[in-house]
Number of protein chains: 2
Amino acid sequence: MVNHTDIKETIKHISGLYSPLSEACILDLASVSKVLSFDKPTIIVREGQFANKTYFIIKGCARAFYLKDGKDITDWLAFENDFISAINSFFLDIPSPHYIEVLEASELLEFSREDSLILSDKYHDFERLASKVITRTLLQLQQRVVSIQFETAQQRYENLLNIRPDITQRVPLTHIASFLGITLETLSRIRSPKNRI
Amino acid sequence: MVNHTDIKETIKHISGLYSPLSEACILDLASVSKVLSFDKPTIIVREGQFANKTYFIIKGCARAFYLKDGKDITDWLAFENDFISAINSFFLDIPSPHYIEVLEASELLEFSREDSLILSDKYHDFERLASKVITRTLLQLQQRVVSIQFETAQQRYENLLNIRPDITQRVPLTHIASFLGITLETLSRIRSPKNRI
DNA sequence: CGCCGAGTTGAACTGAATCAAGAAACGTGG
DNA sequence: CCACGTTTCTTGATTCAGTTCAACTCGGCG
């Protein structure tokens, strides 16, 4: 678990992706952040925990899931350059209904809700970046509601493939299916060669 | 269309609901806000507009909808103390895919994205409030994804009734149905007395 | 009075779920 | 490197919630 990633570079990268941060803010954020490395699938947040951390995915991918009547339901998938966290716990400070699992050999940058609030007070830059991340997620979720309501299972799968062509190599089909809101069997039929016109 | 509502009082009320604002911030926000009054259903934002305003509902209710293949799809309903806006246009500064329609005799407080950015720069209070509103909406949307995926039409309708028992008196069934992601016919059957055990 | 929009009811249809078996891939220890 | 058990994925048959299409009811209003 040696850490080869330079935190400061990573944060500069985030700043470039989302919203510019001042040098001082970058250093401050670097000082409260930590890089986590995993070489295989690992659960990093469990149901019931107060999951007051957010994770930026430097490399690899992760999912948020919960158990509904014992069944594993993936409700968010995140890849390089995405953030992921157990949003209910993170924002409402309640025990998390979600698990978070890293799915590949991955590197994550982690920092806490508390530090992010402190940084938001101190650096207007940072608050703006945070708000951008949240807004982006909001719009994605809105899009997802539309897609669940009006697209067939097949369309949703094809859209996902367009956005993320390598997803089937990286994420087990069970998780993809439940993320799409369909059963594994249905996904398997959609993917079956017979089904391709 | 005389306006009896005191803007400052309304903003104090918002501040109490979401996150406290300083007196100076309240005054500043009041100076860039405006109260809109309607006495009957009215479309206040149309598809294609740059809808860079947000609306806080003082009294009444409103919906956001869009046309999908000519069909009217309600995708958000807002009541007293809720905010509503054409989120895609508001956050991304693109022409709005959504319409916004006020559904009853209503009063709204309106202010622009631009003013809200200015206020966010000037008052940390305000930025925090804005971020709270967005976060709350994010969590609601997430809940909605879960509900569409795992609840039956009937359960979704009953949940809506629990949260908003008067909704059927205030919002036409067509809009309720499409908000729930079901057809008017299905909603009608769910509501039919025969269906109650 | 007759029309019109909103809601209801009925019958047939369909996309996806469920239940049940089996095949393929995968990893672990002998 | 192979035999095994486990997990992941596929395929088939059946069922079901909700859609679609079509006809009908009802209440308001010009």
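Note on naming: letters A, B, ... go to the chains in the order of the sequence lines (proteins, then strands), and numbering restarts at 1 for each one. Owing to the predicted nature of the structure, the values given are computational and were not obtained by experimental measurement.
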Can you tell me how far apart CD (E127(A)) and SG (C25(A)) are? Round to the nearest 0.5 Å.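 So the CD of E127(A) and the SG of C25(A) are separated by 11.0 Å.
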What about E185(B), does its side chain sit under 3.5 Å from the base of dC21(D) through a donor-acceptor pair?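 Side chain to base: pair present.
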Can you tell me whether the side chain of R189(B) and the base of dG10(C) have a donor-acceptor pair closer than 3.5 Å?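 Under the 3.5 Å cut-off, the side chain and the base do form a donor-acceptor pair.
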Nearest whole angstrom, please: distance from the [atom2] of [N] to the [atom1] of [X].
{"X": "L187(B)", "N": "dT9(C)", "atom1": "CG", "atom2": "P", "result": "12 Å"}
{"X": "E151(A)", "N": "dG15(C)", "atom1": "CD", "atom2": "C1'", "result": "15 Å"}
{"X": "Q154(B)", "N": "dG18(D)", "atom1": "CD", "atom2": "C1'", "result": "13 Å"}
{"X": "K40(A)", "N": "dC26(C)", "atom1": "NZ", "atom2": "P", "result": "18 Å"}
{"X": "K71(B)", "N": "dT19(D)", "atom1": "NZ", "atom2": "P", "result": "10 Å"}
{"X": "I176(B)", "N": "dA6(C)", "atom1": "CD1", "atom2": "C1'", "result": "13 Å"}
{"X": "L180(A)", "N": "dA16(C)", "atom1": "CG", "atom2": "P", "result": "11 Å"}
{"X": "L173(A)", "N": "dC9(D)", "atom1": "CG", "atom2": "C1'", "result": "7 Å"}

Short side-chain N/O contact from [X] to OP1 or OP2 of [N], under 4.0 Å:
{"X": "T174(B)", "N": "dG7(C)", "value": "yes"}
{"X": "T186(A)", "N": "dA16(C)", "value": "no"}
{"X": "T183(B)", "N": "dT19(D)", "value": "yes"}

Does Y99(B) share a hydrophobic cluster with I57(B), counting links as ILVMFWY side-chain heavy atoms below 4.5 Å and allowing steps through other members?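 Each belongs to a different hydrophobic cluster.
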Hydrophobic cluster membership, with links at side-chain heavy-atom distances under 4.5 Å among I/L/V/M/F/W/Y: are V145(A) and F90(B) in one?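 V145(A) and F90(B): one cluster.
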Using salt bridge (Lys or Arg N to Asp or Glu O under 4.0 Å), reason through K59(A) and E80(A) one step at a time and then give a plain yes or no. CA-CA 5 Å; K59(A) 184 165 101 47; E80(A) 288 80 10; over 6 Å; no
Counting side-chain heavy atoms from C-beta on, which of dA16(C), dT9(C), dC9(D) comes nearest to L184(A)?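 Between dA16(C), dT9(C), dC9(D), the one nearest the side chain of L184(A) would be dC9(D).
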Please determine, for the side chain of T152(B), which listed nucleotide (dC9(D), dG18(D), dT8(C)) has the closest atom?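 Nearest to the side-chain atoms of T152(B), counting from C-beta on, is dG18(D).
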When you measure from the side chain of S33(A) to the backbone N and O of L29(A), does any donor-acceptor pair fall under 3.5 Å?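 Flag set: sc S33(A) to bb L29(A) pair under 3.5 Å.
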